[in-house]
S.K.: 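Submitted below is the structure of interest, expressed as structure tokens.
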Amino acid sequence: MSEKHVGGGCLWPMWGHSETPNHEYCGAKRQEGQSYCAEHYARSIRNPEEETQTFVPRKIAA
Ligand SMILES: [Zn+2]
């Protein structure tokens with residue numbers, strides 16, 4: 001077995017959706033059997049798109 005693990009840490013990508021991947025990952029302690037730490041695991045199941053969306057300020061309704 002030769003899985004690619006980043007130091008056994010959380011594999012949540014830290015770069016933005018529109019940015020060039022720099023392969024920096026969260027690196028926090030992973031949940032057992034998961035690829036993410038507790039925080040990012042929760043986010044990954046709650047809203048996978050949340051972290052990949054570019055931040056756009058809301059338009060203020062006139
Ligand atoms: Zn994480």
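Along the sequence shown, residues are numbered consecutively beginning with 1. In listed order, ligands and their atoms are each counted from 1.
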S.K.: How close do Cys10 and Tyr36 get, heavy atom to heavy atom, and via which atoms?
M.R.: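 What the structure gives for the nearest pair is SG-CA, 3.6 Å.
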S.K.: List-wise, which protein N, O or S atoms are found short of 2.8 Å from the Zn ion (ligand 1)?
M.R.: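 Counting only protein N, O or S atoms under 2.8 Å from the Zn ion (ligand 1), the list reads Cys10 SG, Cys26 SG, Cys37 SG, His40 ND1.
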S.K.: Going by the rule ring-ring contact (aromatic ring centres under 6.0 Å, His included), which residues pair with Tyr41 if we only count those two or more places apart in sequence or in a different chain?
M.R.: none
S.K.: Applying salt bridge (charged side-chain N to carboxylate O under 4.0 Å, His left out), name anything that partners Glu24, two or more places apart in sequence or on another chain.
M.R.: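 By the salt bridge (charged side-chain N to carboxylate O under 4.0 Å, His left out) rule, Glu24 matches no residue at all.
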S.K.: If we only count heavy atoms from C-beta on, is the Arg30 to Leu11 side-chain gap below 4.5 Å?
M.R.: yes
S.K.: Please list, chain by chain and in numerical order, all residues satisfying side-chain contact (heavy atoms from CB on, under 4.5 Å) with Ala38, sequence neighbours excluded.
M.R.: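 Partners of Ala38 by the side-chain contact (heavy atoms from CB on, under 4.5 Å) criterion, ordered by chain and then number, come out as Gln31.
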S.K.: Can you measure from SG (Cys26) to CD (Glu39) and round to the nearest 0.5 angstrom?
M.R.: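 It is 7.0 Å, given to the nearest 0.5 Å.
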